[in-house]
Q: 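Below you'll find the structure I mean.
Computed from heavy atoms alone, side chains included, the values below leave out hydrogens, waters and symmetry copies.
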Amino acid sequence: MPPITTPQTDPATRSPMPARIGALTPLKLPVFRMLWSTWLIANICMWMNDVAAAWMMTSLTTSPIWVALVQTASTLPVFLLGLPSGALADILDRRRWLVATQFWLAGVAIVLCVAVALGMMTAPLLLALTFFNGIGLAMRWPVFSAIVPELVPRAQLPAALGLNGIAMNASRIIGPLVAGMLIASAGSLWVFVLNAVLSVASGFIVLRWRRTHAPNPLGRERLVSAMRVGMQFVRQSQRMRAVLARVSLAFLHSTALLALLPLLARGLDGGDAGTFTLLLAAMGAGAIVAVLFLPRLRQRYERDQLVLRGTLLQSLSTAVMAVAPNVWVAVPAMCLAGAAWITVANSLAVSAQLALPDWVRARGMSMYQMAIMGASAFGAALWGQIATVGTLQLSLLLAAASGAITMLLALRLVVDGGIDDDVSPAKPGWADAPAHPAPGEGRLVITVEYLIDPARAAAFHVVMQQTRRSRLSEGAIGWELLHDIAEPGRYVEQIVDESWTGHLRRFHRATAADLALRERRLAFHLGEGAPRVTRYVVQR
């Protein structure tokens with residue numbers, strides 16, 4: 001089959017799309033359809049591997065701690081490698097990085113198959129291989145998240161992210177079911193064999209994608225510097241801070257239902273392992289159905305309203321599950337919980353994607369994923385402890401009430417800016433980069449002198465505070481605004497960059513929003529010509 005290519009263009013500049021975009025519209029794009037199919041298969045493999053590994057561990061040891069450590073080994077790499085993997089996905093060719101992560105997973109799956117087939121599997125080895133598999137998952141998620149916005153027009157991004165939600169929830173149903181059937185009929189080995197075959201096939205499918213990679217003319221960033229800039233961008237972005245606060249609160253409370261679901265299933269009339277599987281499937285089905293209606297909901301409600309309504313529905317579902325006597329009540333409640341979960345998660349993921357320029361997208365999305373995993377891990381421990389010292393019903397009702405209250409407070413108190421900034425790259429040639437040769441090693445101090453009308457000082461200060469956030473989000477390591485005491489209309493902006501190369505990178509990272517802010521800043525300047533710019537190198 002011929003390779004599938006995609007141009008490296010900014011989604012915001014592509015041809016306008018129809019006003020109404022269906023939930024499945026992105027699947028009409030061949031590249032997105034191919035990579036989405038790969039994402040679906042990859043998630044099915046993840047669930048099959050987790051189920052088979054947990055089941056095999058029970059046959060290798062009777063110690064509960066070893067069984068519990070399987071889940072820890074699977075998720076721990078996300079915390080350890082989330083930010084480095086996001087930085088690498090921004091630094092390297094994303095196609096090659098995605099291919100590398102996929103074949104890493106395939107290699108781990110093949111080793112697992114060989115070890116099981118030869119009877120060499122032990123509890124420590126299974127745990128180690130599960131950890132290595134988790135490394136591949138931690139590396140793959142940020143790069144896939146960063147790729148999606150370049151595959152679809154900006155208007156289709158919410159629908160594309162909704163389809164990713166379908167893939168994740170469908171795999172949550174399909175993976176455990178396939179693994180369970182294979183374990184029951186043929187044994188765990190064949191789950192690992194199927195996982196290896198699908199992983200290898202997915203890697204070769206991704207190889208068909210021909211993406212044009214444009215190397216940075218300044219060369220690759222150093223990993224440590226790239227991580228620093230990524231964290232700095234998120235810290236300075238009002239939208240990203242709001243998104244991380246809200247997604248943390250959402251998953252902190254919604255995880256109560258998932259963490260305690262096995263106990264809830266056992267407590268229902270006639271509850272057993274089949275009941276637990278049914279409730280999980282109901283939640284996944286509710287999420288899939290909700291994705292089909294999200295385009296209409298997005299036309300009717302703003303994103304914050306969707307987050308609030310989804311949270312309230314999640315709280316209601318959790319409260320119903322706390323008192324549900326049988327599956328006839330529990331299954332509809334779990335369907336609503338799945339619909340609420342995907343509504344909140346999709347709305348917040350869209351907000352995060354629209355707040356991130358392409359140069360820092362993978363780093364930002366890796367921190368988004370780390371917030372989800374951290375909140376889920378802490379939430380599971382919190383609500384489990386409350387259920388231990390109190391009752392299951394008390395824990396779920398507290399989670400339902402506090403989830404609704406804290407999200408209401410977060411939407412009111414943690415403001416996200418209200419509108420989406422244009423984070424597409426600034427037009428080429430927007431400013432002349434400094435022409436002098438590199439001054440050598442050392443920090444760079446840049447000063448920009450403004451002469452303004454003192455009567456407009458308050459408005460100028462507001463714009464300069466926005467400028468501060470802009471400079472720091474682009475990678476500057478220091479910023480100050482100096483006011484001349486003797487001349488009230490004279491201000492000096494002082495910016496510190498870690499190096500000459502770091503200074504030049506800020507020119508390449510500028511967005512259309514930064515350019516608009518620059519025009520607002522220059523409108524205050526009364527001097528002849530542009531503000532005077534002076535550059536100093538710090539001598540060691």
Q: With rounding to the nearest 0.5 angstrom, report the CG to CG distance, Leu313 to Leu308.
A: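 It is 11.0 Å, given to the nearest 0.5 Å.
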Q: Within a 6.0 Å radius of atom CZ on Arg241, are there more than 12 heavy atoms belonging to other residues, nucleotides or ligands?
A: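 Yes, enclosed.
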Q: Would a 4.5 Å heavy-atom cut-off, applied to side chains only, mark Ile44 and Ile41 as touching?
A: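 Result no, sub-4.5 Å side-chain heavy-atom pair not found.
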Q: Determine, stepwise, if the pair Leu336 / Leu316 fulfils side chain to side chain contact (heavy atoms under 4.5 Å, CB included).
A: CA-CA 9 Å; Leu336 291 177; Leu316 175 63; 5.6 Å; no
Q: Indicate yes or no: does Arg518 engage Glu474 in a salt bridge with an N to O separation below 4.0 Å.
A: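 Salt bridge absent between Arg518 and Glu474.
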Q: Are any of the side-chain heavy atoms of Leu264 and Leu257 separated by less than 4.5 Å?
A: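 Yes - at least one pair of side-chain heavy atoms lies under 4.5 Å apart.
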Q: Would you give the length of the straight line joining atom CZ of Phe233 to atom CE of Met367, rounded to the nearest 0.5 angstrom?
A: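 Nearest 0.5 Å value for the CZ-CE distance: 9.0 Å.
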Q: Distance only, no hydrogens: is a donor on one side chain within 3.5 Å (strictly under) of an acceptor on the other, for Ser225 and Glu498?
A: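 Glu498 and Ser225 do have a side-chain donor-acceptor pair below 3.5 Å.
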Q: So, for Arg521 and Thr467, which heavy atoms are closest and what is the spacing to 0.1 Å?
A: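 For Arg521 and Thr467, the tightest heavy-atom pair comes out as NH1-OG1, 3.0 Å.
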Q: Work out which heavy atom in Asn326 is nearest to a heavy atom in Leu268; give both atom names and the distance.
A: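 Here Asn326 and Leu268 meet closest at N-CD2, 3.8 Å.
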Q: Would you say Arg468 and Leu481 make side-chain contact, with heavy atoms under 4.5 Å?
A: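 No, too far: nothing below the 4.5 Å cut-off.
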Q: Please determine whether side chain to side chain contact (heavy atoms under 4.5 Å, CB included) holds for the pair Leu278 and Met334, giving the CA-CA distance in whole Å, both sets of side-chain angles, and the decisive distance to 0.1 Å.
A: CA-CA 10 Å; Leu278 174 63; Met334 290 301 295; over 6 Å; no
Q: Under 3.5 Å, side chain of Arg363 to main-chain N/O of Gly86, donor-acceptor pair present?
A: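 Not at all, since once roles are kept as given, no pair shorter than 3.5 Å links the two residues.
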Q: Under 3.5 Å, is there a donor-acceptor pair between the side chain of Trp341 and the main chain of Gly284?
A: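 Pair absent, no side-chain N/O of Trp341 close to backbone of Gly284.
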Q: Evaluate the side-chain proximity of Leu354 to Arg303: yes if any heavy-atom separation is below 4.5 Å, no if none is.
A: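 With C-beta onward as the side chain, the pair touches.
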Q: How far apart are the C-alpha atoms of Ser199 and Gln102, what are their side-chain angles, what is the distance that settles it, and do they pass the side chain to side chain contact (heavy atoms under 4.5 Å, CB included) test?
A: CA-CA 7 Å; Ser199 296; Gln102 190 57 47; 4.0 Å; yes
Q: Would you say Glu302 has more than 12 foreign heavy atoms packed within less than 6.0 Å of its CD?
A: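 Incorrect, the count does not exceed 12.
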Q: Has the side chain of Gln156 got a donor or acceptor atom that lies under 3.5 Å from a matching backbone atom of Pro153?
A: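 Absent.
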Q: Please examine the side chains of Val291 and Asn346, heavy atoms only from C-beta on, and report whether any two atoms are closer than 4.5 Å.
A: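 Asn346 vs Val291: side chains apart.
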Q: Under a 3.5 Å distance rule, please check whether Arg361 uses its side chain to pair with a backbone N or O of Gln353 as donor and acceptor.
A: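 Checking the backbone N and O of Gln353 against the side chain of Arg361, a donor-acceptor pair under 3.5 Å is found.
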Q: Does some side-chain heavy atom of Leu279 sit less than 4.5 Å from a side-chain heavy atom of Met283?
A: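 They are not in contact (no side-chain heavy atoms under 4.5 Å apart), so the answer is no.
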Q: What closest approach, in Å, do Ile91 and Ala226 show between heavy atoms, and which atom pair accounts for it?
A: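 The pair with the smallest heavy-atom distance is CD1-CB, 3.6 Å.
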Q: Measuring from Leu392:CG to Leu397:CG, what's the distance to the nearest 0.5 Å?
A: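 If we round to the nearest 0.5 Å, Leu392:CG and Leu397:CG are 9.5 Å apart.
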Q: If you compare all heavy atoms of Ala375 against all heavy atoms of Ser248, which two are closest, and at what distance to 0.1 Å?
A: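 Smallest interatomic distance, heavy atoms only, reads CB-O, 3.3 Å.
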Q: Compare all side-chain heavy atoms of Leu151 with those of Leu29 and state whether any distance is below 4.5 angstrom.
A: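 Side chain of Leu151 against side chain of Leu29, heavy atoms only: no contact under 4.5 Å found.
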Q: Test side chain to side chain contact (heavy atoms under 4.5 Å, CB included) on Arg309 and Leu297; report intermediate values, then the result.
A: CA-CA 11 Å; Arg309 291 169 186 268; Leu297 292 175; over 6 Å; no
Q: Would you give the length of the straight line joining atom CZ of Arg222 to atom CZ of Arg228, rounded to the nearest 0.5 angstrom?
A: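 So the gap between those two atoms works out to 9.0 Å.
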Q: Tell me every residue that passes side chain to side chain contact (heavy atoms under 4.5 Å, CB included) with Arg235, counting only those two or more places apart in sequence or in another chain.
A: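 So Arg235 forms a side chain to side chain contact (heavy atoms under 4.5 Å, CB included) with Gln232.
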Q: Which heavy-atom pair separates Ser473 from Trp359 by the least distance, and what is that distance?
A: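 That would be O-CH2, 3.3 Å.
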Q: Would a distance-only check, ignoring hydrogens and angles, find a side-chain to backbone donor-acceptor pair under 3.5 Å from Ser85 to Gly82?
A: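 Between the backbone of Gly82 and the side chain of Ser85 there is a qualifying donor-acceptor contact (under 3.5 Å).
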Q: When rounded to the nearest 0.5 angstrom, what distance separates CD in Gln466 from CZ in Arg469?
A: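 Answer rounded to 0.5 Å: 5.5 Å.
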Q: I'd like to know if the side chain of Asn43 reaches the main chain of Trp39, judged simply by a donor and an acceptor atom lying under 3.5 Å from each other, with no hydrogens or angles considered.
A: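 It does hold such a pair.
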Q: Run the side chain to side chain donor-acceptor pair (under 3.5 Å) check on Thr130 and Asn133 step by step: do they pass?
A: CA-CA 5 Å; Thr130 302; Asn133 189 72; over 6 Å; no
Q: With a 4.5 Å cut-off on side-chain heavy atoms, are Tyr368 and Leu244 touching?
A: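 Yes - at least one pair of side-chain heavy atoms lies under 4.5 Å apart.
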Q: Taking atom CG of Leu88 and atom CE of Met139, what is their separation to the nearest 0.5 Å?
A: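 Result: 6.0 Å between the selected atoms.
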Q: Look at Arg246 together with Asp304 and state whether they make a salt bridge at an N to O cut-off of under 4.0 Å.
A: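 Counted as a salt bridge, because a side-chain N and a carboxylate O are separated by less than 4.0 Å.
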Q: Could you report the tightest heavy-atom contact between Ala476 and Arg506, atom names first, then the distance?
A: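 Looking at all heavy atoms of both residues, the shortest contact is N-CD, 3.8 Å.
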Q: Any side chain to side chain donor-acceptor pair (under 3.5 Å) involving residues 382-404? Give me the pairs, sequence neighbours left out, ordered by first then second residue.
A: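 Listed by first then second residue: His253-Ser402.
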